[in-house]
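Beneath this line is the structure, given in structure tokens, with notes to follow.
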Amino acid sequence: MPTPAADRLEELLAGLNEPQRDAVTHGDGPLLILAGAGSGKTRVLTHRLAWLVHSGRASHQEVLAITFTNKAAQEMRNRVELLLGRRTRGMWVMTFHAACARMLRAEAPRLGYTRQFTIYDQADARRLTKRCLEELNVDTKRFTPAAVHNQISDAKNKLRSADDVRELVGSRFEEIVGDVYDAYEREMLRMNAMDFDDLLVRAVNVLELFDEVRERYQQTFRYVLVDEYQDTNHAQYKWLQLLAGEHRNLAVVGDDAQSVYSFRGADIRNILDFQDDFPDAAVVKLEQNYRSTQTILDAANAVIRNNRGQIAKDLWTEVGQGDPIRVRELDDERSEARFVVGEVQRLIDEGVSRQEIAVFYRTNAQSRVIEDVLVQRDIGYQVVGGTKFYERAEIKDALAYLTLLGNPQDVVAFTRVANTPRRGIGQTSMSRVTAFATAMDMSVWDAAANPAAVPSLGAAAIKAFSRFMGTMEGLRERAAQGVPVGDLLEAVLHETGYVDALEAERTFEAQGRLENLTELVNTAREFDASADPGEDTLDVFLQQVALVADADTREDEGLVTLMTLHNAKGLEYEIVFITGFEDGVFPHSRALDEGALEEERRLCYVGITRAKRDLTLSYARQRMVFGSQQYGLRSRFLDEIPFELTDREQTDVVRQPGARVSWAASRADAPPPEAVDFRIGQDVAHAAFGEGVVTGIEPGGIVVIRFARDGSERKLMAEYAPITRR
DNA sequence: CGGCTACTATTTTTT
DNA sequence: ATAGTAGCCG
């Protein structure tokens, strides 16, 4: 007679394939789950969580499940609750950053922070970097805050301190980075602020420095599960080692072939070397794909095979062969957009639902022309990504006001709001006050509250600061009394004149901003309703909101979805279009310069494997880039897809009857200057350099040709160079 | 101080 | 093309 518990365990395993089962029921010790695209990885993760609890190995508070996105965390939580049949409050299912922030809310005082520390997003961090650069009298044009901050961020992700950076200085730039890093760190501590990277670094610090803290968390989390392990950076890796290194109950899930975030510090070696870190690790490979047709999988497998140093995986499916992959060449990005949207329209007419269709592209800028055509044809669509809710200026302003009320040391928040809306506080006065605060080692708030004491501040500025701080003092009092966040926010927006200023604008845009603010007030009220009474609600709200990129995106049903390939990771659609398959666009020219071709190829793999049954790849011979016409070559990735998997009729050009006349004639204006026989856009072959395309013609019989082999652009004498037309 | 013009730098970005 | 910013002028 099976016990009810045994029944439930059996139920959990029902419908799982062999390797999935192995992963779910793995007992103690390290576990590496190599989950190919569409192999049911979320299923394995959630079932394993439930299995750990059901089998009595751990209570639900003793499991730590880590994801990269809030969305993934939320989905995992929901699915685990379904499996367990109850709420999972107290279960740590969250992002790296949220888990670290939560840890630090308790432990930050050990590092000299208060529990109310502010979390800076990238824009805030950049602004502070700029201030530090200016303080050090560095030319911010030659050394941009963005570039310097990227370096700092990079160092932090590798757990390298400012001193570490300074020890290895090889250029003026690196010297500046070291100096700014050092100043930046001091400023952050002084302002009681942490950026996204700090959350990870400081969490590692606290675990390394304090044995009792580390031991406590090690005992608390008896099992650690990590999703998307291929995207972890060194700090995250270290954090996991510290938490799980002792009991070694670390299960990681990932796919090295889908590592596409190295530019953000992700280190693919983490997953490749897992077995070196844990020689006794159990390894499970999930290769059966439940998403796509065999044709699509074959294409993906073929493309990724061109990368070196991958963990061998071969996706297969029981779904069947399916249709060939469609490959289309178009004249330019406009025809490409018209083609894609035309196909979308056709599919919709055939009864396909809009939400089953997605269009991917390499860069955000490519979406515009597609959107134009969708609007023209009145097809409902949504763009995923782009400007996030919490990155909008009005939202950041409102949150900066709240931040300043909770953390009067926060100079970044202060400078953001002091003159927003305009109240006659200019750059000069602002700097005088912040410099004075720094010099006197007092908070900006206190410095601004007594402007008369600030040297060389003009009478008008003194008055402006006094008025502003009068308002703020009143608000601060209410904040200190623990007024609900929603009410406080409402008061902030009205009493500071923010709403008035927007209303006075009387523009369509301002109207939208007001609506966004209303949305934010609603979010705050929802938070108030569910908050634990007695907690510092304002601080908790701000820290929580800082780690969420987007307001709950109610994914509108019935819309065609547009997004970058990066955003597509983890998603799936019946029908997928990937546009811009041109060398320079995809793979991106900058990636080519930096030798990051393999990562681009993984991105291609990600894109292809999103499609369930229908995949169309398109490229344009000519494209407007940064306002000027570029002539690209078909992406090398296209040629890595076996010919027989596609519907291409000829090796290179697919001609659609009537789709285009002659190349030169299709250019309405300004035909390229004639020289010998060559025309811009023409396919040519060179005896030594191989195949290429004419990208320019210069006086004196010189043709400019971009060659496929190495992507180089060369100027050649048309008359003498060994060039033939193709 | 604030508004205007001119110039420039443009990948991807879960947090 | 375009957005964001630096610098100049009222």
Side-chain angles (χ1 to χ4, degrees), chain A residues 66-74 94-101 119-126 130 139-142 144-147 150 153 156-157 194-200 227-228 230-233 235-236 258-266 333 360-366 368-369 372 384-388 390-391 393 419 421-430 458 460-461 464 543-550 563-571 580 584-594 596 599-600 602-604 606-607 623-629:
Chain A
I66 294 296
T67 64
F68 273 86
T69 67
N70 291 299
K71 194 175 156 205
Q74 196 50 51
M94 56 185 88
T95 64
F96 274 104
H97 291 83
C100 290
I119 298 174
Y120 280 6
D121 70 8
Q122 187 168 319
D124 298 328
R126 213 162 263 187
K130 192 174 171 215
D139 179 7
T140 51
K141 267 180 163 171
R142 273 189 61 205
T144 64
N150 278 343
S153 174
K156 287 187 186 178
N157 287 156
M194 298 196 206
D195 61 25
F196 287 148
D197 305 315
D198 286 332
L199 292 173
L200 305 171
D227 192 13
E228 305 276 20
Q230 77 280 355
D231 288 332
T232 50
N233 62 35
Q236 289 161 332
Q258 294 186 63
S259 165
V260 292
Y261 282 106
S262 76
F263 67 93
R264 291 183 83 253
E333 78 277 8
F360 304 152
Y361 34 78
R362 179 61 177 78
T363 64
N364 284 121
Q366 290 168 251
R368 245 200 54 182
V369 56
D372 285 348
V384 174
T387 313
K388 309 276 195 290
Y390 286 103
E391 282 169 14
N419 200 35
R422 308 222 176 282
R423 36 176 88 89
I425 297 173
Q427 182 106 65
T428 323
S429 310
M430 194 90 79
Q543 289 184 1
Q544 189 176 304
V545 137
L547 296 177
V548 181
D550 228 329
M563 67 179 102
T564 62
L565 285 155
H566 281 87
N567 275 125
K569 191 155 75 96
L571 305 176
V585 175
F586 185 39
H588 196 277
S589 53
R590 196 136 153 194
L592 291 172
D593 291 345
E594 291 168 10
E599 178 141 319
E600 295 286 299
R602 292 193 288 268
L603 196 55
C604 184
V606 167
R623 180 180 297 272
M624 194 73 113
V625 181
F626 300 142
S628 67
Q629 210 66 232

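Letters go in sequence order (proteins before strands), and every chain restarts at 1.
- Between E228(A) and T67(A), the closest side-chain pair of non-hydrogen atoms is not below 4.5 Å.
- Counting only heavy atoms from C-beta outward, the side chains of D195(A) and K156(A) approach each other to under 4.5 Å.
- Between V260(A) and V606(A), the shortest heavy-atom distance links the atoms CG1-CG2, 4.3 Å.
- Here the closest heavy-atom approach between residue E599(A) and residue S262(A) is recorded as OE1-OG, 2.9 Å.
- The nearest whole Å value for the distance from the CZ atom in R362(A) to the P atom in dT13(B) is 8 Å.
- Residue Y261(A) comes nearest to K569(A) through the heavy atom pair CE1-CE, 3.8 Å, listed as atom of the first residue, atom of the second, then distance.
- Within 4.0 Å (heavy atoms only), D197(A) reaches no atom of the nucleic acid at all.
- In this structure, the separation between CG on D372(A) and CD on E333(A) is 10.5 Å, given to the nearest 0.5 Å.
- Stacking between H588(A) and dT11(B) is present: the aromatic ring centre lies within less than 5.5 angstrom of the base six-membered ring centre, and the two planes differ by under 30 degrees.
- Rounding to the nearest 0.5 angstrom, the gap separating the CE atom in M624(A) from the CD atom in Q629(A) is 5.0 Å.
- For the pair F263(A) and dT12(B), the ring geometry qualifies as stacking, because the centroid separation is below 5.5 Å while the planes lie within an angle under 30°.
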Starting from the C-alpha separation in whole Å, work towards a yes-or-no answer on side chain to side chain contact (heavy atoms under 4.5 Å, CB included) for Y361(A) and T564(A).
CA-CA 5 Å; Y361(A) 34 78; T564(A) 62; 3.8 Å; yes

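- At whole-Å resolution of the value, CD in Q74(A) and P in dT15(B) are 13 Å apart.
- If you take CD of E600(A) and C1' of dT12(B), they are 8 Å apart, rounded to a whole angstrom.
- dT15(B) atom C1' lies 11 Å from atom CG of N233(A), rounded to whole Å.
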All N/O pairs under 3.5 Å across the protein-nucleotides 1-7 of chain B interface:
residue : atom : partner : partner atom : Å
dC1(B)  : OP1  : G426(A) : N            : 3.0
dC1(B)  : OP1  : S429(A) : OG           : 2.4
dC1(B)  : OP2  : T428(A) : OG1          : 3.1
dG2(B)  : OP1  : G424(A) : N            : 3.1
dG2(B)  : OP2  : N419(A) : ND2          : 3.4
dG3(B)  : OP2  : R422(A) : NE           : 3.3

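- The closest side-chain heavy-atom distance from N233(A) to L200(A) is below 4.5 Å.
- Per the geometry, CD belonging to Q122(A) stands 13 Å off P belonging to dT15(B), to the nearest Å.
- If you check dT10(B), dT12(B), dT13(B) against the side chain of T363(A), the one that comes closest is dT12(B).
- Taking side-chain N and O atoms only, T69(A) has no distance below 4.0 Å to OP1 or OP2 of dT15(B).
- N567(A) has no side-chain polar atom (N or O) that falls below the 4.0 Å cut-off from OP1 or OP2 of dT12(B).
- When the C1' atom of dT10(B) is taken as reference, atom CD of E594(A) falls 14 Å away, rounded to whole Å.
- Residue-level contact check: F96(A) touches neither bases nor backbone, having no heavy atom under 4.0 Å from any strand.
- The two atoms that bring E600(A) and H588(A) nearest to each other are OE1-N, 2.9 Å, heavy atoms only.
- At a threshold of 4.0 angstrom between heavy atoms, the contacts of D231(A) include nucleobase atoms, whether or not backbone atoms are also involved.
- Residue N364(A) has no polar side-chain atom (N or O) positioned under 4.0 Å from OP1 or OP2 of dT10(B).
- In this structure, E228(A) places its CD atom 15 Å from P of dT13(B), rounding to the nearest Å.
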For every nucleotide of nucleotides 1-10 of chain C, 5' to 3': is a protein heavy atom under 4.0 Å from its base (B), only from its sugar-phosphate (S), or from neither (-)?
BS---S----

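- Of the two residues near DNA chain B, L603(A) and F68(A), the one whose nearest nucleotide lies more 5' is L603(A).
- In this structure, N70(A) places its CG atom 8 Å from C1' of dT15(B), rounding to the nearest Å.
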